[in-house]
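Here the structure is laid out as structure tokens; the discussion comes afterwards.
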Amino acid sequence: MFDFCKLDVYQKAKAFCILIHKLISIGNFDRTTNDQLRRASFSIMLNIAEGSSRFSNKDRKNFMVVARGSTFECAAIIEYLNEVAEISKESYSIYLENLEEISKMLFGLIRGLE
């Protein structure tokens, strides 16, 4: 098993990515929104994985910072989808709670790598 698979934040990011995959498959969003949301959610998960392979804390931190940025990007897209009534308020809350948790976990990792 790879080290990143043992990280709770990776598991949560992967679960979020799966949620987004399901949302996109049932949603009727435009191509740009689908692409950005899919790429941003993958970016969270993949940057955590790639960052765990780095040897220096500085390199690891950079990947976690990028993953956290992608978390914010997903939050902005989800907020937009809520504002244009493409997702329900309930769904919006669930996605946002997941993203907030991931963001806080990444922030903790980033602080620990300083």
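This one's a predicted model, so the numbers in the text were calculated from it and none came from an experiment.
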Any side-chain heavy-atom pair from Phe29 and Leu23 closer than 4.5 angstrom? yes

More than 12 heavy atoms from other groups under 6.0 Å of CG on Asp30: yes

How many angstroms lie between atom OG of Ser25 and atom CD1 of Ile20, to the nearest 0.5 angstrom? 10.5 Å

Spatial distance of atom OG (Ser93) from atom CG (Asn98) [nearest 0.5 Å]: 11.0 Å

If hydrophobic clusters are built by linking Ile, Leu, Val, Met, Phe, Trp and Tyr wherever their side-chain heavy atoms come under 4.5 Å apart, do Phe63 and Leu113 end up in the same one? no

At their closest point, which heavy atom of Ala67 faces which heavy atom of Ile48, and how far apart are they? CB-CG1, 4.0 Å

So for atom OH, which belongs to Tyr80, do other residues, nucleotides or ligands contribute more than 12 heavy atoms lying within a distance under 6.0 Å? no

Could you check whether Thr32 and Asp35, counting side-chain N and O atoms only, form a donor-acceptor pair closer than 3.5 Å? no

Taking only residues two or more places apart in sequence or in another chain, which ones pass side chain to side chain contact (heavy atoms under 4.5 Å, CB included) with Phe55? none

Would you mind reporting whether Met64 and Asn47 have side-chain heavy atoms less than 4.5 Å apart? no

As a quick check of understanding, evaluate side chain to side chain contact (heavy atoms under 4.5 Å, CB included) for Tyr95 and Ile87, giving each step before the final call. CA-CA 10 Å; Tyr95 294 122; Ile87 59 172; 4.3 Å; yes

With a sphere of 6.0 Å drawn around CD of Glu114, does it hold more than 12 non-hydrogen atoms of other residues, nucleotides or ligands? yes

Which atoms form the tightest heavy-atom contact between Ser103 and Arg68, and what is the distance? OG-NE, 3.1 Å

Between Arg60 and Asn57, does a side-chain hydrogen bond (donor to acceptor under 3.5 Å, both in side chains) hold up when you go through it step by step? CA-CA 5 Å; Arg60 283 190 190 119; Asn57 282 353; 3.2 Å; yes

Write down the atom of Phe4, the atom of Ser52, and the distance for their closest heavy-atom approach. CB-OG, 3.2 Å

According to side chain to side chain donor-acceptor pair (under 3.5 Å), does anything in residues 2-17 pair up with another residue at least two apart or in another chain? List the pairs. Gln11-Lys14, Lys12-Glu101

Contact summary for Ser70 and Ile44, nearest pair of heavy atoms: CB-CG1, 3.7 Å

Roughly how far apart are Glu79 CD and Asn82 CG, rounded to 0.5 Å? 7.5 Å

When every non-hydrogen atom of Cys74 is compared with those of Ser41, the smallest separation belongs to SG-N, 3.5 Å

Quick check: is Leu99 connected to Met105 through a chain of hydrophobic side chains (ILVMFWY, heavy atoms under 4.5 Å apart)? yes

Contact between Leu37 and Ile78 at the side-chain level, heavy atoms closer than 4.5 Å - yes or no? yes

So which heavy atom on Ser43 is nearest to which on Val66, and how close? OG-CG1, 4.4 Å

Decide if atom OH of Tyr92 counts as having more than 12 heavy atoms of other residues, nucleotides or ligands within a radius under 6.0 Å. yes

